[in-house]
Amino acid sequence: MKKIIAYFKDSYNELVHKVSWPSRTELSSSAVVVLFASLIIAALVFVIDSVFQQVMKFIY
């Protein structure tokens, strides 16, 4: 039981004192980058799927 308590104390200490958390502006700018990257990837998948669908319609 002492090992479990020590683990949680060490984990808390590391999260509070050793981890560098991003600021609100860094976090929001990263979220915007992820949003745009996701939209671009979704658009590429849509285009590839549409092309593949037209090729399959042509074959069949």
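One-based numbering along the sequence shown. Worth knowing before you read on, the calculation uses all heavy atoms, side chains too, and leaves out hydrogens, waters and symmetry mates.
- Hydrophobic cluster membership is shared by Tyr7 and Ile4, with clusters built from Ile, Leu, Val, Met, Phe, Trp and Tyr side chains linked at under 4.5 angstrom.
- Tyr12 belongs to a hydrophobic cluster whose other members, connected by ILVMFWY side-chain contacts under 4.5 Å either directly or through intermediates, are Val16.
- The side-chain hydrogen bond (donor to acceptor under 3.5 Å, both in side chains) contacts involving residues 25-44 comprise Ser23-Thr25, where partners must be two or more places apart or lie in separate chains.
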Indicate every side-chain donor-acceptor pair of residues 40-55 with a distance under 3.5 Å to a residue at least two apart or in another chain.
unit_1	atom_1	unit_2	atom_2	d
Ser50	OG	Phe46	O	2.9

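- Contact check for Trp21 versus Leu27: no side-chain heavy atoms found under the 4.5 Å cut-off.
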